[in-house]
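Down below is the structure, laid out as structure tokens.
As the structure lists them, so they are numbered: ligands from 1, and atoms in each ligand from 1.
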Amino acid sequence: MRKPFVAGNWKMNTDSSSSVGLAEGIASGVTETAGTKATVAVFPPFIYLQSVIKALGTSSISVGAQDVYFEPDGAFTGEISTSMLKDIGCTYCLCGHSERRHVIGETDELINRKLGAAIAGGLLPVLCVGELLAEREASKTNDVVTRQLKNGLAGLSEEKVSAVTIAYEPVWAIGTGLTATPQQAQEVHDFIRKLLAGMYSDELAGGIRIQYGGSAKPDNAAELMTQPDIDGLLVGGASLKADGFLAIIKGAI
Ligand code: 13P
């Protein structure tokens with residue numbers, strides 16, 4: 001059985017005081033049952049990672065970074081390495097979020113290097129994939145997801161890939177209020193799982209968690225989670241209020 005994985009991607013939101021307030025609100029509201037039944041994580045901006053980790057205290061909530069650089073150290077102005085993230089207590093990192101692909105311009109090749117460095121350094125990466133609206137309308141969803149997965153995971157052994165979570169985030173559903181229907185999401189999740197089975201093994205594909213992201217909210221979380229291949233949610237806007245995020249966690253378990 002795959003344990004549900006619900007995560008909040010705070011993107012470039014909050015400030016020093018609201019990030020701590022949000023972390024405290026989530027920590028105080030996550031019941032022991034929810035903490036046991038699901039993996040819960042938050043992805044605050046880099047600059048607030050340490051204060052959020054402190055604010056979460058001994059709660060079961062994990063913390064991850066929204067990005068990572070592939071070099072271990074050196075003259076890479078503005079970048080943050082895996083070892084720095086491990087050093088302050090991060091467990092996860094996002095790789096290839098759609099905003100990094102489409103706003104910042106990250107390529108599959110760069111994402112692959114980041115993912116490899118994260119795994120090698122002991123972080124658990126969440127590889128984000130998903131098609132643009134025009135790609136869906138041109139029936140290219142499966143092609144796009146195949147390219148992003150094959151290139152993103154290129155050169156990594158099955159053992160290394162078992163550290164990865166996949167997040168399917170159709171770009172047209174991110175921040176738009178347009179959620180994929182549970183059936184639309186399930187179709188792609190099923191496709192991804194079968195693709196992974198072909199690339200690695202049934203065992204790997206059966207164990208890997210595939211989150212859905214894109215306008216996940218308290219009122220659609222439970223329905224999305226009824227689908228057999230949706231193993232969790234990567235939540236943007238609705239994770240910025242503790243009550244809403246807690247309701248999503250409740251809906252997901
Ligand atoms: P929204 O939930 O705001 O649509 O964002 C989804 C997302 O990009 C999470 O990484």
Within the 4.0 Å heavy-atom cut-off, what Ala173 brings close to ligand 1 is backbone
Atoms of ligand 1 under 4.0 Å from any heavy atom of Gly175, numbered from 1 in the order shown, are 1 (P), 3 (O), 4 (O)
The atoms of ligand 1 lying under 4.0 Å from a heavy atom of Leu234, numbered in the order shown, are 9 (C), 10 (O)
heavy-atom search around atom 3 (O) of ligand 1 in the protein gives Gly237 N, 2.8 Å
Between Thr39 and the options Lys3, Arg209, Arg2, the side-chain hydrogen bond (donor to acceptor under 3.5 Å, both in side chains) test singles out Arg209
- prompt: Is Leu204 reachable from Val164 through a run of I, L, V, M, F, W or Y residues, each pair having side-chain heavy atoms under 4.5 Å apart?
  reply: yes
Between Phe5 and Tyr92, is the gap from one ring center to the other below 6.0 Å? yes
Atom 5 (O) of ligand 1 has as its nearest protein heavy atom Lys11 NZ, 3.2 Å
For residues 195-204, the side-chain hydrogen bond (donor to acceptor under 3.5 Å, both in side chains) pairs (sequence neighbours left out) are Glu158-Ser201
Using a plain distance cutoff, I'd like to know if Gly214 has any nitrogen or oxygen under 3.5 Å from a nitrogen or oxygen of ligand 1. no
Would you say the side-chain atoms of Glu135 and Trp172 include a donor-acceptor pair closer than 3.5 Å? no
Honestly, for Asn9 the part within reach of ligand 1 (heavy atoms, under 4.0 Å) is side chain
Exercise. Do ligand 1 and Thr176 have nitrogen or oxygen atoms that lie under 3.5 Å from each other?
Worked result: no
Check ion pair Asp143-Arg147 (N to O, under 4.0 angstrom)
no
Check: Do other residues, nucleotides or ligands put more than 12 heavy atoms under 6.0 Å from Glu187 CD?
Finding: no
Atom 7 (C) of ligand 1 has as its nearest protein heavy atom Glu169 OE2, 3.1 Å
(message) Within the structure, is a non-hydrogen atom of Ala238 found at a distance of less than 4.0 Å from ligand 1?
(response) no
Those residues at least two apart in sequence (or on a different chain) that pass side-chain contact (heavy atoms from CB on, under 4.5 Å) with Met84 are Ile80, Ser81
**Prompt:** Below 3.5 angstrom, do we get any N/O pair linking Gly236 and ligand 1?
**Reply:** yes
Taking only non-hydrogen atoms of Ser215 and a 4.0 Å limit, the atoms of ligand 1 in range are 1 (P), 2 (O), 4 (O)
